[in-house]
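Below is one structure, written out as structure tokens; comments come after it.
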Protein chains: 2
Amino acid sequence: MANLKQINRITTGGKGLPKSLRRHAVRPTPQRLAILRELAARKIHPDAETIYEQVRQRLPAISLDTVYRNLRLLEARGLIMRVTTVRERARYDADLSPHSHFICSKCSRVLDVPVSALRPIPAEADAFGTVASVHVEFRGLCHQCRTVADGQQGQ
Amino acid sequence: MANLKQINRITTGGKGLPKSLRRHAVRPTPQRLAILRELAARKIHPDAETIYEQVRQRLPAISLDTVYRNLRLLEARGLIMRVTTVRERARYDADLSPHSHFICSKCSRVLDVPVSALRPIPAEADAFGTVASVHVEFRGLCHQCRTVADGQQGQ
DNA sequence: CTTAAAACAGGAATAATTACTATTGTAAAC
DNA sequence: GTTTACAATAGTAATTATTCCTGTTTTAAG
């Protein structure tokens with residue numbers, strides 16, 4: 001699946017979406033389909049609560065937990081993605097010089113990435129509004145954790 | 001809180017930091033100085049809890065709320081910055097094609113920013129580890145909100 | 001010294017999210 | 001076409017990071 005046009009074509013009632021879910025080893029339950037359709041149909045990038053309110057009109061018995069559970073599952077299976085970053089403790093920096101961060105997904109260490117490792121953000125983004133701040137965040141395995149993982153495959 | 005002056009003497013290493021705080025219209029209280037020093041001394045980009053644990057060794061009576069309150073204040077005054085993004089409801093997207101987002105700080109609408117508005121992220125970031133994901137987020141006023149703001153100054 | 005404002009400690013409250021538990025739906029085996 | 005096993009669900013309780021509230025202490029100014 002992977003793109004909006006495909007999903008949109010599918011969500012108008014065809015059998016494509018259920019098939020696509022099965023391909024990803026996800027059972028196409030009514031709740032799941034409703035959530036996914038709601039996400040694909042709208043461009044507003046809704047949050048769990050908004051999806052819940054909408055889906056409830058069709059499936060009045062659905063629970064908020066089901067929405068959360070399925071968003072998590074669908075994200076894990078690579079069928080949808082988060083717009084906002086991972087929700088974790090806020091971290092601070094006294095260094096105000098322009099730079100970015102690499103966050104290790106295993107040890108959660110935060111490394112400074114100098115601007116030279118990025119291209120400067122162009123003014124084109126101004127097309128969408130008055131840009132007040134830009135946040136660039138890399139996630140992955142840091143060298144240390146990668147080395148350990150290479151040696152002993154698990155954990 | 002007893003003998004604050006003693007504490008003040010202890011936590012006040014040099015006079016530079018207090019002066020800098022005053023320049024930003026922030027009163028250089030011992031707690032504040034300790035928090036800021038902790039942040040500046042370490043490169044680990046600590047979270048509130050970590051700062052709290054550290055500062056507590058010098059100022060055992062400090063409260064966690066004071067740490068949070070001051071981090072907020074120092075950020076608002078432009079003396080420190082968050083490494084992670086604003087902590088708000090997670091939003092999802094069914095469009096997995098590479099693109100970025102502009103989030104309006106007023107109406108919190110999320111607009112899609114095509115990759116063409118960004119330069120592709122270079123492989124240089126690999127110097128820090130194995131990059132699994134890159135997240136780019138713009139924040140500011142969207143056109144609609146800006147127009148409204150121009151017309152009627154308040155709100 | 002007195003007084004007003006800012007900052008504080010401690011604990012209660014909030015909001016988003018996740019965990020738990022008993023129940024229901026469903027796919028496959030018989 | 002039942003039975004069986006397991007995934008998914010609803011409803012609610014719990015958790016976690018953060019903020020709010022109240023009464024007190026500290027600081028700065030008159």
Side-chain angles (χ1 to χ4, degrees), chain A residues 18-19 21-36 45-53 55-77 79-80 82-92 108, chain B residues 1-12 18-19 21-36 45-53 55-77 79-80 82-92 108:
Chain A
K19 268 187 192 167
L21 282 179
R22 283 189 212 280
R23 234 179 286 128
H24 285 261
V26 177
R27 216 148 76 179
T29 68
Q31 293 87 345
R32 210 161 269 166
L33 286 169
I35 291 166
L36 203 41
H45 311 295
D47 53 41
E49 189 76 33
T50 305
I51 294 170
Y52 175 59
E53 297 300 344
V55 172
R56 218 139 71 108
Q57 297 180 10
R58 296 245 157 167
L59 305 175
I62 196 171
S63 74
L64 182 55
D65 179 47
T66 294
V67 175
Y68 272 107
R69 188 170 5 86
N70 280 303
L71 287 175
R72 243 182 300 150
L73 178 78
L74 294 170
E75 190 195 3
R77 290 284 203 285
L79 286 155
I80 62 172
R82 271 181 202 243
V83 168
T84 47
T85 53
V86 181
R87 211 168 182 274
E88 62 207 344
R89 289 186 188 178
R91 305 184 72 143
Y92 291 88
S108 73
Chain B
M1 173 194 301
N3 50 27
L4 242 188
K5 280 171 189 168
Q6 279 187 344
I7 293 171
N8 216 340
R9 215 183 309 123
I10 290 166
T11 51
T12 306
K19 266 187 191 166
L21 283 179
R22 281 188 211 281
R23 235 178 285 128
H24 286 260
V26 177
R27 220 148 73 177
T29 68
Q31 292 88 345
R32 208 160 273 166
L33 286 168
I35 291 167
L36 204 40
H45 311 295
D47 54 41
E49 190 77 34
T50 305
I51 294 170
Y52 175 59
E53 296 300 344
V55 171
R56 219 140 70 108
Q57 297 180 8
R58 294 246 159 167
L59 305 175
I62 196 171
S63 74
L64 182 55
D65 180 48
T66 295
V67 175
Y68 273 107
R69 187 168 5 88
N70 280 302
L71 287 174
R72 244 182 300 153
L73 178 78
L74 293 170
E75 189 194 5
R77 289 286 204 284
L79 285 154
I80 64 174
R82 271 182 203 243
V83 167
T84 47
T85 53
V86 180
R87 210 168 183 277
E88 62 206 343
R89 288 186 187 178
R91 307 184 71 143
Y92 290 87
S108 72

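Letters go in sequence order (proteins before strands), and every chain restarts at 1. Predicted, not measured: the structure shown is a model, and the values here were computed from it.
When rounded to the nearest whole Å, the span between CD of B:Glu88 and P of C:dA16 equals 10 Å. Put simply, CD on A:Glu75 is 11 Å from P on C:dT17, counting in whole angstrom units. Rounded to whole angstrom, the span from the CD1 atom of B:Ile51 across to the P atom of D:dA17 amounts to 14 Å. A straight line from OH of B:Tyr92 to C1' of C:dA16 spans 11 Å, rounded to a whole angstrom. Distance B:Arg91 CZ to C:dT17 C1': 17 Å, rounded to the nearest Å. Between the CZ atom of A:Arg87 and the P atom of D:dT15 there is a distance of 17 Å, rounded to whole Å.
Checked options A:Ile80, A:Leu74, A:Ile35; the residue passing with B:Tyr92 is A:Ile80 (criterion: side chain to side chain contact (heavy atoms under 4.5 Å, CB included)).
Considering only residues two or more places apart in sequence or on other chains, A:Thr84 meets the side-chain hydrogen bond (donor to acceptor under 3.5 Å, both in side chains) condition with none of them. Applying the side-chain hydrogen bond (donor to acceptor under 3.5 Å, both in side chains) criterion to A:Ser108, with sequence neighbours excluded, gives no partner residue. A:Arg91 is linked by a side-chain hydrogen bond (donor to acceptor under 3.5 Å, both in side chains) to nothing, counting only residues two or more places apart in sequence or in another chain. Every residue two or more places apart in sequence or in another chain that forms a side-chain contact (heavy atoms from CB on, under 4.5 Å) with B:Thr50 is listed here: B:Ile44, B:Pro46, B:Asp47. In this view, B:Arg77 and B:Ala25, B:Val26, B:Leu73, B:Leu79 satisfy the side-chain contact (heavy atoms from CB on, under 4.5 Å) rule, not counting sequence neighbours. Under the side-chain hydrogen bond (donor to acceptor under 3.5 Å, both in side chains) criterion, A:Glu49 pairs with no residue at all, not counting sequence neighbours. Applying the salt bridge (charged side-chain N to carboxylate O under 4.0 Å, His left out) rule to B:Arg82 yields the partners B:Glu75; only residues at least two apart in sequence or on another chain are considered.
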With sugar-phosphate taken as primed atoms, P, OP1 and OP2 and all else as base, the protein-contact string of nucleotides 5-11 of chain D at under 4.0 Å (heavy atoms; B, S, -) is --BSBBB

Heteroatom pairs (N/O) under 3.5 angstrom, protein to nucleotides 21-23 of chain C:
none

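In this structure the side chain of B:Thr66 never reaches within 4.5 angstrom of the side chain of B:Val55, judged on heavy atoms.
Each of B:Arg89 and B:Tyr52 was matched to the nucleotide of DNA chain C holding its nearest heavy atom; the match closer to the 5' end belongs to B:Tyr52.
Look at A:Tyr68 and you won't find any side-chain N or O under 4.0 angstrom from OP1 or OP2 of C:dT18.
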